[in-house]
Protein chains: 2
Amino acid sequence: MAGSEGFEPESDRVTRQLRDDILDGVRRPGSKLVERELAAELGVSRLPIRDALKALVTEGLVTPRPRTWAVVREFSPTDVSDLGEVRSALETLTFRLAAQRRTRAGLEKLRADLDAELEAAQRGDAVQARRAAADFHETVTSLAANELLSELERTLRSRMRWLLSRHDDLLGVAREHENLYDAIVARDVPRVEELVLKHLEMGRSAAAAHLRSSKE
Amino acid sequence: MAGSEGFEPESDRVTRQLRDDILDGVRRPGSKLVERELAAELGVSRLPIRDALKALVTEGLVTPRPRTWAVVREFSPTDVSDLGEVRSALETLTFRLAAQRRTRAGLEKLRADLDAELEAAQRGDAVQARRAAADFHETVTSLAANELLSELERTLRSRMRWLLSRHDDLLGVAREHENLYDAIVARDVPRVEELVLKHLEMGRSAAAAHLRSSKE
DNA sequence: ACGTCGGGTTTGGTATACCGCTAATACGCC
DNA sequence: GGCGTATTAGCGGTATACCAAACCCGACGT
């Protein structure tokens with residue numbers, strides 16, 4: 001299936017660039033995003049920039065301010081807890097469906113993601129570990145075989161990456177993913193749901209701690 | 001500052017027009033959406049059209065086909081069941097939070113929506129009943145006091161409208177809403193969750209019946 | 001010192017043009 | 001006459017230029 005691609009609009013490239021800049025902290029929360037400036041910097045016209053900014057607004061990474069420049073979004077503790085609540089609902093469903101509908105091929109892909117994450121976490125490679133963790137979530141979502149759920153996951157992915165970037169205990173996350181993987185393999189739905197809730201609790205407390213520390 | 005409202009981009013107007021056209025069946029599933037044609041029809045340039053099309057794609061009403069014209073989305077039974085699964089997760093959360101966090105003012109607004117829906121349903125005014133039902137859902141979501149949840153509700157709203165337009169038993173829906181309202185007032189979380197699941201089951205079977213009948 | 005006003009800036013929008021790809025049509029071959 | 005192919009018309013993606021409305025900020029006046 002991977003094929004069929006091979007074409008990428010300029011606006012997608014710009015979107016990715018901007019998204020990575022924001023998530024990597026190159027563009028700090030609150031900083032200005034001026035269309036003409038960005039167009040000059042990235043060597044494109046204003047149109048792809050406008051498209052990209054619109055996309056990032058729907059991803060929740062950019063705050064538009066009508067009639068004037070947009071800014072990189074600043075996340076509040078409320079935003080974090082809101083995200084936690086939505087994840088508790090959506091991921092419970094995702095993992096439950098994944099456990100029920102997993103295929104052999106999907107499971108293999110999931111195992112590969114998991115191994116990559118464990119390996120990177122043990123090596124202390126935060127960038128790779130987080131990328132693998134994101135892949136793990138994406139693969140689980142595809143296992144759930146619900147197109148709408150996949151769409152929602154895509155729009156939440158940026159916020160998830162943001163959350164994960166404020167997470168220190170990468171090995172702990174990876175181990176929880178391993179437990180979830182085992183439960184999915186065993187089709188043990190009750191255990192999956194229990195683990196998801198535990199997983200979310202961990203993410204929540206880690207992010208809270210991070211926000212507290214960056215405040216002072 | 002007071003009047004930060006009172007301004008509406010052209011693209012929003014176009015989006016609304018197109019969305020209503022699609023939902024009302026003026027533009028049939030599968031029909032072409034050609035940017036230049038739409039621009040001429042609606043008397044605007046291509047840019048607002050592009051913006052509107054993009055918005056409708058994220059709302060799931062339009063299927064983009066890279067490099068060529070977009071088409072009005074055709075919903076499949078799978079799409080309906082996917083939506084049902086997502087709603088089961090999201091609305092359970094929404095109504096639970098609403099029951100826990102409701103305010104007096106919010107409750108009054110909700111009662112008003114409900115009364116309007118009951119009245120319209122009894123009168124047999126399908127258009128008004130569906131509008132009121134949508135308002136009811138929106139108000140419940142605002143009661144949940146979760147900004148992200150509200151965002152997701154907005155993107156799912158079009159699909160909900162689509163689903164509701166395939167629903168005949170408007171009085172039944174209104175009565176279920178009334179039960180939900182009572183449970184929210186009583187902060188009876190277990191009952192809310194039970195009612196939400198029943199509510200979803202009803203929507204699901206109604207839509208399924210509709211798809212079957214339109215098939216033959 | 002503080003409030004107000006105005007100019008520079010930025011966005012949202014329109015018009016126009018061009019390129020590369022898509023798809024529909026017409027042609028030619030069998 | 002039917003079918004596969006080549007040509008062509010059409011469409012989306014992007015670039016450039018320009019305008020109006022609204023915002024930001026600093027300068028000015030009180």
Side-chain angles (χ1 to χ4, degrees), chain A residues 1-19 21-22 27-74 154, chain B residues 1-19 21-22 27-74 154:
Chain A
M1 43 126 272
S4 108
E5 288 313 315
F7 159 74
E8 184 182 44
E10 207 63 34
S11 44
D12 287 4
R13 193 182 61 80
V14 172
T15 305
R16 229 172 343 97
Q17 173 75 50
L18 252 29
R19 177 169 37 226
D21 281 358
I22 293 173
R27 300 187 185 273
R28 311 215 68 98
S31 62
K32 302 198 302 188
L33 295 168
V34 179
E35 292 184 3
R36 283 178 168 85
E37 276 178 25
L38 297 175
E41 279 178 42
L42 302 180
V44 297
S45 77
R46 279 177 63 202
L47 271 67
I49 299 288
R50 293 182 58 152
D51 288 347
L53 287 180
K54 245 182 244 288
L56 293 176
V57 165
T58 77
E59 288 182 23
L61 292 184
V62 167
T63 305
R65 305 188 309 158
R67 287 271 148 45
T68 185
W69 60 62
V71 297
V72 176
R73 173 157 184 183
E74 313 190 52
R154 273 192 291 276
Chain B
M1 45 122 255
S4 83
E5 286 312 314
F7 160 75
E8 185 184 40
E10 208 62 30
S11 47
D12 287 3
R13 195 182 60 79
V14 172
T15 304
R16 234 176 335 102
Q17 173 74 50
L18 252 26
R19 177 170 37 224
D21 281 358
I22 293 173
R27 300 187 184 275
R28 311 217 70 102
S31 62
K32 300 199 301 189
L33 294 169
V34 179
E35 291 184 6
R36 284 175 169 87
E37 275 179 25
L38 298 174
E41 278 177 44
L42 302 181
V44 296
S45 76
R46 280 177 62 199
L47 263 65
I49 300 288
R50 289 176 57 108
D51 289 346
L53 251 23
K54 243 184 247 289
L56 294 176
V57 165
T58 78
E59 289 182 21
L61 292 184
V62 166
T63 305
R65 306 188 309 159
R67 302 267 189 189
T68 184
W69 59 65
V71 297
V72 177
R73 174 156 183 185
E74 314 190 52
R154 273 193 289 277

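Chain letters run A, B, ... following the sequence lines, proteins first, then strands; residues in each count from 1. Hydrogens, waters and symmetry mates play no part in the numbers below; they use all other heavy atoms, side chains included.
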Closest non-hydrogen atoms of Ala70(B) and Val62(B), given as atom of the first, atom of the second and distance, are CB-CG1, 3.7 Å
Atom CZ of Arg27(B) and atom CG of Leu18(B): how far apart are they, to the nearest 0.5 Å? 5.5 Å
Please indicate whether Arg28(A) has more than 12 foreign heavy atoms, meaning atoms of other residues, nucleotides or ligands, lying under 6.0 Å from its CZ. no
Does CZ in Arg154(B) sit with more than 12 non-hydrogen atoms of other residues, nucleotides or ligands closer than 6.0 Å? yes
Distance check needed: dA22(D) C1' versus Trp69(A) CH2, whole Å only. 13 Å
Expressed as a whole number of angstroms, how long is the span from Arg65(B):CZ to dG10(D):P? 17 Å
Separation between CZ of Arg19(B) and CZ of Arg16(B), rounded to the nearest 0.5 Å: 8.0 Å
In this structure, OG1 of Thr63(A) is separated from CZ of Arg73(A) (nearest 0.5 Å) by 6.0 Å
Kindly list each side-chain donor-acceptor pair under 3.5 angstrom involving residues 33-40 of chain B, sequence neighbours excluded, with atom names and distances?
from, atom 1, to, atom 2, distance (Å)
Glu35(B), OE1, Arg46(B), NE, 3.3
Glu35(B), OE1, Arg46(B), NH2, 3.2

List in numerical order all residues of residues 29-36 of chain B for which some heavy atom is under 4.0 Å away from an atom belonging to DNA chain D. Leu33(B), Val34(B), Glu35(B), Arg36(B)
Tell me: CZ of Arg67(A) to C1' of dA22(D), nearest whole Å? 6 Å
Calculate, to the nearest 0.5 Å, the distance between atoms CG and OG1 belonging to Leu61(A) and Thr15(A) respectively. 11.0 Å
Quick one: pull up CZ in Arg50(A) and NZ in Lys54(B) and give me the separation to the nearest 0.5 Å. 11.5 Å
Ignoring backbone atoms, test whether Ser11(A) places a side-chain nitrogen or oxygen under 4.0 Å from the OP1 or OP2 oxygen of dT14(D). yes
Counting only heavy atoms and a strict 4.0 angstrom limit, can you tell me which residues of residues 38-48 of chain B come near DNA chain D? Arg46(B)
For atom CD1 of Ile49(A) and atom P of dT14(D), their distance in whole Å: 11 Å
Distance in angstrom units between Asp51(B) CG and dG12(D) P, rounded: 14 Å
With nearest nucleotides of DNA chain D determined for Glu37(B) and Thr68(A) from heavy-atom distances, which residue corresponds to the more 5′ nucleotide? Glu37(B)
Whole-Å distance, Glu10(B) CD to dG13(C) P, equals 7 Å
